[in-house]
Amino acid sequence: MTSNPDTRASVSVLLDENSVTVSVPAAVYGREAVMGAAYVFIDRAYVLVDAPADGHHTVRLRGRSPLDSDGLAGLGGELGNELLAQQLRHLVCERNRHVLEGVVGGAVSGAAGPEPAEEFDLSALESMEFDDEAFEDPLGIAMSWEDKYGNKRASKKEAADMKEAAESASKEDA
Amino acid sequence: MTTAPGSQVLRLNASLYPRESVESATNTLSDFGTFSIENDGDYITVSVQAGDDVDPVELVGELANFALANTLGGGSN
């Protein structure tokens, strides 16, 4: 089995320096993944990230407390696992970026409340002059019913005739 | 580059560590030593002179950690 040296990762332990250096290809692990993975270890080690010109990122972890060879190798192994997790997280975020932006955008716009209603332009009313004189009403819209059609009431005779007609109609029905 | 006796040098890749993050880290640790920042091609070189009763190796390590944290957190604080 042959492998391309440009995509090969390596771990080197320097016991006398109490450090382990992990070198990973930049084509496989992006800058964000490397920096994010290195940050996880700042509570246990002094971390230095570098990017040599050969297309690799290197992360050097120097233990805060003295570590033996197995401890340093284990630290490097944990960094490798964290690199994989960070790179996967980065890929998932990139792949679902439009979904995340949609959800966050909807939440923010919902919290902002409804858009203000369109305001009517009432400036024309300020130029109008109101006084006690009546408006011109050529169609008689503002007139009352009585003024327009008169107060027509049935006379007593008409009322008696209507009552008699109603009674005769009810007798015929019976 | 010449360094004063007892001083340490930290070289940070300028493509990974913004200068603002490094300057902020030195400000944070200014009580524990003195720092001198210089641009050196693709790297930012920080000369560290540890204060009294301060381990210079430990101070350089903390400086690298603070620079990394500032880089990921925006670099200003």
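Chain A is the first sequence line, chain B the second, and so forth, proteins listed ahead of strands; every chain is numbered from 1.
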Checklist line | Heavy-atom closest contact (Glu78(A) atom, Phe41(A) atom, distance) | finding: C-CZ, 3.6 Å
Check: Which one of Arg64(A), Glu32(A), His57(A) has the most heavy-atom pairs closer than 4.5 Å to chain B?
Finding: Arg64(A)
Check: Is the shortest side-chain N to carboxylate O distance from Arg62(A) to Glu58(B) below 4.0 Å?
Finding: no
Margin query: Any non-hydrogen side-chain atom of Asn27(B) less than 4.5 Å from a side-chain atom of Phe35(B)?
Written below: no
Note to self: Under 4.5 Å from any heavy atom of chain B, what part of Ala45(A) do you find: side chain, backbone, both or neither?
What the structure shows: backbone
Notebook entry, point to check: When heavy-atom pairs shorter than 4.5 Å are enumerated against chain A, which of Leu63(B), Asp42(B), Asn65(B), Val60(B) gives the highest number?
Noted result: Asn65(B)
Next item on the list: Sequence neighbours left out, what passes side-chain hydrogen bond (donor to acceptor under 3.5 Å, both in side chains) with Ser144(A)? Give chain and number order.
Entry: Asp147(A)
